[in-house]
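Reviewing the structure listed below.
Just so we're on the same page: letters track the sequence lines, and every chain starts at 1.
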Amino acid sequence: MNLDWMAWTWETAAFFAAILALLLLMTALAVWRPETPRTGVLGIPTTRGDRLFLTLLGAAFIHLAWIGLTGLDAWYGSALSVLYGIAVFLLV
Amino acid sequence: MNDRPFDNRAWLLVLPVLAIVLFSALLPLMTVVNYSVQDSFGNNQFFWNGIGWYRELLDPSTDLGSRFFGALWRSLLFSAIILAIEVPLGIAVALCMPRDGWRLAATLVLMALPLLVPWNVVGTIWQVFARGDIGLFGHVVNALGIDYNYTAGILSAWFTIVIMDVWHWTSLVALLCYAGLRAIPDAFYQAARIDGASRLAVFRWIELPKLRRVLVIAVLLRFMDSFMIYTEPFVVTGGGPGNATTMLSIDLVKLALGQFDLGKAAAMSIVFNLIILAVCWVFYTVMTALDAEKQAEGPAKGAE
């Protein structure tokens, strides 16, 4: 595949492939393992999809805060985001 | 809350829409993400820059960072001022509106008028209206002995774009509140009269609580719109004097289309977009929570 077209890079391709994979996983889970929403620490009913959305949005802000507030490597921010995502899926 | 599991297979029916959105919105958004990690020169040459632009953007000591945070605070300040003025004013106007008859029709038409004027026309109207030499408003204010010139004074420029937005959008808040007020059943007012409640008490304990739902909509609509404002300040002040009225969207266009710094502009777009996405999520969540609350109240109380 020619990635030069529209200046695509393998990094962005990998990023979006990961998100697409997550969405497909969620779709598959929704079809074969239907669920009911539950109310967590936020006091609002959430489904798996809501929790994934909160994880991704929160992860973006964690990365931005990490990049903006610390001069450290951004991968630590990614690790923090994974912890945050686990917390969201367990608690929210 | 029903305990039936969601049957999400129905979502497969929206696949055609998804395909269209993919081409019109998702692919361009992905392009922006892709640009934000690269530096570009003319002739379609791109170079990998990783998170470099984000680092620069989020560091206020750099040129790009100071620009971004300056514009971000200006946008937030603008939204705060707009909400502080338009929401109370809109409620006040709604309370003063006639309840029926030809006066109501006339009021509704007059109030809807500013909402129908296109943004750039609003900008042009105010650009001329507020000028000191040929504009009625600017001329009158200057004649009163007040130094008012929106192309030179920072306060004058802010005053102009704020009053322009108030002129343009207070009607929306007022109309929403009016709809909310009309939905309050007469029984509430009768009960208040029997209790001998004052006008203030009626407002505080009947009207304001019943307006909560429309006020949430009004606040969030006005916040989003004012936070993303572009056309009116661009037409009136062009972001000036200096950078005094350069809101986020204006700065973004300057960066992307003026300087053609695609990487920097893309990084700024992504952060801007994330802020708006977060606010949208809050909006959506609050709306659904209020809906659920209303349904839980049952048909007896939720007759409106």
Side-chain angles (χ1 to χ4, degrees), chain A residues 3-20 23 26-39 42-51 53-78 92, chain B residues 1-12 15 18 26-40 44-60 65 68-69 262-263 266-267 270-271 273-275 277-282 284-286 288-289 292:
Chain A
L3 283 177
D4 285 344
W5 178 71
M6 280 176 77
W8 293 109
T9 56
W10 70 264
E11 287 92 346
T12 31
F15 174 72
F16 284 114
I19 290 188
L20 183 68
L23 290 179
M26 284 291 151
T27 310
L29 278 174
V31 171
W32 285 293
R33 287 279 191 84
E35 55 161 353
T36 50
R38 67 145 199 257
T39 305
L42 286 182
I44 48 164
T46 56
T47 59
R48 276 190 297 255
D50 293 325
R51 294 194 279 277
F53 176 75
L54 283 178
T55 301
L56 291 178
L57 189 63
F61 279 104
I62 288 173
H63 277 95
L64 290 179
W66 188 269
I67 293 170
L69 299 176
T70 74
L72 301 172
D73 198 296
W75 287 111
Y76 295 114
S78 308
V92 173
Chain B
M1 177 101 329
N2 62 19
D3 290 326
R4 204 162 50 87
F6 276 95
D7 187 353
N8 280 312
R9 268 170 295 192
W11 286 108
L12 296 175
L15 276 180
L18 197 67
L26 283 182
L27 276 175
L29 187 65
M30 286 165 71
T31 316
V32 174
V33 173
N34 188 41
Y35 283 172
S36 75
V37 290
Q38 299 185 75
D39 195 2
S40 68
N44 268 343
Q45 285 183 295
F46 284 86
F47 298 91
W48 177 253
N49 190 26
I51 57 167
W53 293 132
Y54 290 96
R55 228 177 246 296
E56 206 176 316
L57 186 75
L58 297 168
D59 182 357
F68 169 68
F69 280 105
L262 292 182
I270 296 295
V271 177
N273 205 351
L274 282 172
I275 295 172
L277 197 58
V279 177
C280 278
W281 180 78
V282 172
Y284 174 78
T285 307
V286 170
T288 19

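Contact record, B/D39 with B/N49: N-CB, 4.1 Å, taken as the closest heavy-atom pair. Scanning both residues, A/R48 and A/M26, for their nearest heavy atoms gives CB-SD, 4.0 Å.
In this structure, the portions of B/Y54 lying under 4.5 Å from any heavy atom of chain A include both its backbone and its side chain. Both the backbone and the side chain of B/T31 come within less than 4.5 Å of a heavy atom of chain A. Contact annotation for A/L64: both backbone and side-chain heavy atoms come within less than 4.5 Å of a heavy atom of chain B. Contacts between A/I44 and chain B at a heavy-atom distance below 4.5 Å involve the side chain alone, from C-beta outward. Of the atoms belonging to A/L69, not a single heavy atom falls under 4.5 Å from chain B.
At least one side-chain heavy atom of B/L277 sits under 4.5 Å from a side-chain heavy atom of A/F53. By the 4.5 Å heavy-atom criterion applied to side chains, A/E11 and B/Q38 are not counted as neighbours. Taking the side chain as every heavy atom from C-beta outward, A/L42 and A/L54 approach each other to under 4.5 Å.
Counting heavy-atom pairs under 4.5 Å between each of B/D59, B/T288, B/L274 and chain A puts B/L274 at the top. Interface remark: of the candidates B/F46, B/W48, B/Y35, B/W48 forms the most heavy-atom pairs closer than 4.5 Å to chain A. Of the listed residues B/I275, B/V37, B/L58, the one with more heavy-atom pairs under 4.5 angstrom with chain A than any other is B/L58.
The side-chain contact (heavy atoms from CB on, under 4.5 Å) test with A/V92 is passed by exactly one of A/T39, A/T46, A/D50: A/T46.
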